[in-house]
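What's counted below: heavy atoms across the whole structure, side chains too, no hydrogens, waters or symmetry copies.
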Amino acid sequence: MSNQRQQKPTLTGQRFKTRKRDEKERFDPSQFQESIVQGLNQTGTDLDAVAKFLDASGAKLDYRRYAETLFDILVAGGMLAPGGTLSDDVTCTDFCLFKAQEDMETMQAYAQVFNKLIRRYKYLEKGFEEEIKKLLLFLKGFTESERNKLAMLTGILLANGNLSASILSSLFNENLVKEGVSACFAVKLFKSWLSEKDINSVAASLRKVGMDNRLMELFPANKRSCEHFSKYFTDAGLKELSDFARNQQSIGARKELQKELQDQMSRGDPLKDIIAYVREEIKKNNISEQTMIGLIWSSVMSSVEWNKKEELVTEQAIKHLKQYSPLLKAFTSQGLSELTLLLKIQEYCYDNIHFMKAFQKIVVLLYKADVLSEEAILKWYNEAHVAKGKSVFLEQMKKFVEWLKNAEEESESEEEEAD
């Protein structure tokens with residue numbers, strides 16, 4: 001019994017010593033750097049051998065603790081001091097991204113090294129994203145060639161899904177933006193990304209993390225306009241990105257416009273004021289009448305709480321639309337706008353089941369209010385309708401269309417008699 005009691009303190013002492021050693025290592029990555037640099041110097045430019053070396057070393061070296069050091073070495077050849085300069089007091093290697101050839105083929109090979117490493121050691125994923133964010137903040141400390149290589153690599157890794165587009169937030173750093181470093185880097189990055197994936201894939205990645213509406217922030221506040229962005233990226237050979245940004249701004253402007261319209265209607269603003277506001281927005285944002293009538297229709301139908309009973313909702317809709325028919329009339333001066341409105345009504349009545357039986361009554365009301373012409377209604381009926389609820393709505397409109405045709409024939413015969 002007394003022997004067992006004596007052994008316990010010895011065991012505890014050993015565990016305590018191990019913990020102390022671990023604590024000391026945590027703040028001393030130089031030993032780790034020596035091991036990685038030595039291995040990279042032996043494998044040289046053979047990137048398959050580099051990938052194998054990194055795979056095997058993960059079992060012996062503490063990647064989890066020294067992730068930042070590991071990525072610094074693979075990118076820059078050694079540990080980076082704040083600002084992006086290499087630390088002087090440690091051994092570095094020339095076998096790293098920054099010393100590699102500046103071409104897409106080499107960058108793709110490097111992307112594979114990072115891809116294999118992170119797939120093998122999943123816990124490095126977050127650390128790698130943090131590293132790229134840090135490197136982007138250090139761009140001013142790198143040479144032009146180093147920036148180009150980093151941009152190409154980042155574009156490829158974004159295309160492969162190894163990185164989230166949220167890393168781009170580092171490019172919105174005020175100093176980088178002010179000196180034009182961010183926009184210049186973004187050109188290389190997006191060219192690389194778009195050489196691997198199409199604009200729809202890039203757009204989806206940007207949307208996923210809310211970056212799709214922030215690209216203007218690559219420029220200083222005094223140059224943060226759609227025109228400047230468009231010219232800069234189009235001149236750099238990235239018209240697809242310019243068109244995407246323009247479209248995003250247009251979508252944003254439409255959403256704001258629709259919200260403002262709904263607010264004006266909810267407040268009960270005079271129709272003449274709403275019409276004047278819409279005309280101003282059409283001019284300011286270069287919005288077509290067809291697009292605008294769709295927005296107005298959506299706003300009109302969203303500005304009221306609809307009755308849930310089918311037999312009551314038609315009456316409510318007629319009363320509501322009669323009130324807003326002058327607004328709809330003001331923006332259906334073209335035949336194409338009338339057709340657009342008819343299709344919007346068709347889709348709305350189909351998508352909102354309580355309105356299925358109201359379609360014909362809405363169209364007749366808008367015909368009587370001079371919003372829709374007989375030409376537009378007949379064109380919609382004969383050829384321009386969409387598939388949604390087609391059979392139901394065409395059946396509803398049958399008698400009214402026949403009446404329109406008869407009225408047209410009568411007026412034609414009266415004109416002939418007058419001649």
Side-chain angles (χ1 to χ4, degrees), residues 10-100 107 109-138 141-142 146 149-150 153-154 156-158 160-164 166-167 170:
T10 317
L11 287 168
T12 313
Q14 283 176 343
R15 276 204 296 268
F16 182 68
K17 278 180 187 170
T18 309
R19 280 206 304 271
K20 255 182 107 171
R21 193 173 71 242
D22 285 350
E23 286 294 325
K24 192 181 172 190
E25 280 182 6
R26 185 170 295 154
F27 302 103
D28 182 23
S30 52
Q31 192 93 38
F32 176 87
Q33 171 152 330
E34 290 288 339
S35 305
I36 296 292
V37 165
Q38 191 182 354
L40 292 176
N41 287 340
Q42 283 168 1
T43 50
T45 54
D46 182 351
L47 292 182
D48 283 335
V50 169
K52 283 174 188 164
F53 159 70
L54 292 171
D55 189 308
S57 297
K60 295 173 277 186
L61 300 172
D62 197 342
Y63 281 179
R64 196 185 291 272
R65 186 176 296 157
Y66 299 120
E68 187 180 359
T69 306
L70 174 64
F71 293 129
D72 275 0
I73 298 164
L74 292 175
V75 172
M79 274 191 288
L80 291 169
T85 54
L86 281 167
S87 300
D88 297 328
D89 54 345
V90 283
T91 317
C92 297
T93 179
D94 285 338
F95 299 106
C96 61
L97 179 84
F98 280 176
K99 294 286 198 306
M107 294 305 107
Y110 262 96
Q112 276 308 306
V113 170
F114 287 108
N115 182 32
K116 285 174 187 172
L117 177 62
I118 288 159
R119 268 178 34 207
R120 175 72 177 83
Y121 300 103
K122 283 290 281 180
Y123 57 79
L124 288 174
E125 211 166 35
K126 194 173 185 311
F128 185 54
E129 287 211 350
E130 291 305 314
E131 174 74 9
I132 297 292
K133 281 184 186 175
K134 179 190 83 174
L135 291 171
L136 298 189
L137 290 172
F138 289 173
F142 303 146
E146 287 167 353
K149 290 169 201 170
L150 184 60
L153 175 80
T154 308
I156 296 163
L157 292 168
L158 283 162
N160 294 346
N162 297 123
L163 287 174
S164 156
S166 59
I167 56 111
S170 289

Going by the ring pair (Phe, Tyr, Trp, His ring centres under 6.0 Å) test, which pairs reach into residues 40-61, not counting sequence neighbours? none
Are any side-chain N or O atoms of Tyr63 and backbone N or O atoms of Leu54, one a donor and one an acceptor, separated by less than 3.5 Å? yes
Asn115 backbone acceptor or donor facing Asn162 side chain under 3.5 Å: no
Heavy atoms only: give me the nearest Val50-Leu40 pair and the separation to one decimal. CG1-CD2, 3.8 Å
Which class fits the ring pair Phe128 and Phe71: parallel under 30°, tilted 30 to 60°, perpendicular over 60°? tilted
Nearest heavy-atom neighbours spanning Thr69 and Pro29: OG1-CB, 3.6 Å
Distance, nearest 0.5 Å, that separates CG of Leu163 from CD1 of Ile118: 7.0 Å
Distance check, rounded to the nearest 0.5 Å: Glu129 atom CD versus Ser170 atom OG? 10.5 Å
Could you check if a side-chain atom of Leu86 sits within less than 4.5 angstrom of a side-chain atom of Leu80, using non-hydrogen atoms only? yes
Between Leu70 and Leu117, is a side-chain contact (heavy atoms from CB on, under 4.5 Å) present by the stated rule, with each step listed? CA-CA 11 Å; Leu70 174 64; Leu117 177 62; 4.0 Å; yes
Less than 4.0 Å between a side-chain N and a carboxylate O, is that true for Lys134 and Glu131? yes
Are Gln38 and Thr93 side-chain neighbours, meaning at least one heavy-atom pair lies under 4.5 Å? no
Could you go through the side-chain contact (heavy atoms from CB on, under 4.5 Å) check for Asp55 and Arg119 one step at a time? CA-CA 10 Å; Asp55 189 308; Arg119 268 178 34 207; over 6 Å; no
Nearest 0.5 Å please: distance from the CG atom of Leu47 over to the OG1 atom of Thr45. 7.0 Å
Taking the six-membered ring for Trp, are Phe138 and Phe142 parallel (under 30°), tilted (30 to 60°) or perpendicular (over 60°)? perpendicular
Is the shortest distance from a Lys or Arg side-chain nitrogen in Glu146 or Lys149 to a carboxylate oxygen in the other one below 4.0 Å? no
Looking only at non-hydrogen atoms, find the nearest pair between Tyr110 and Leu74 and report the distance. CE2-O, 4.3 Å
So how far is it from Met107 CE to Leu153 CG, rounded to the nearest 0.5 Å? 7.0 Å
Working to the nearest 0.5 angstrom, can you tell me the gap between Gln112 CD and Ile156 CD1? 9.5 Å
Do you know which two heavy atoms are closest between Val37 and Cys92, and how far apart they sit? CG1-O, 3.7 Å
Where Lys99 and Asp94 come nearest, the two heavy atoms and their spacing: CB-O, 3.0 Å
If you look at every heavy atom in Ile73 and Cys96, which pair is closest and at what distance? O-CB, 3.4 Å
Nearest 0.5 Å, what's the CD-CE distance between Glu68 and Met79? 9.5 Å
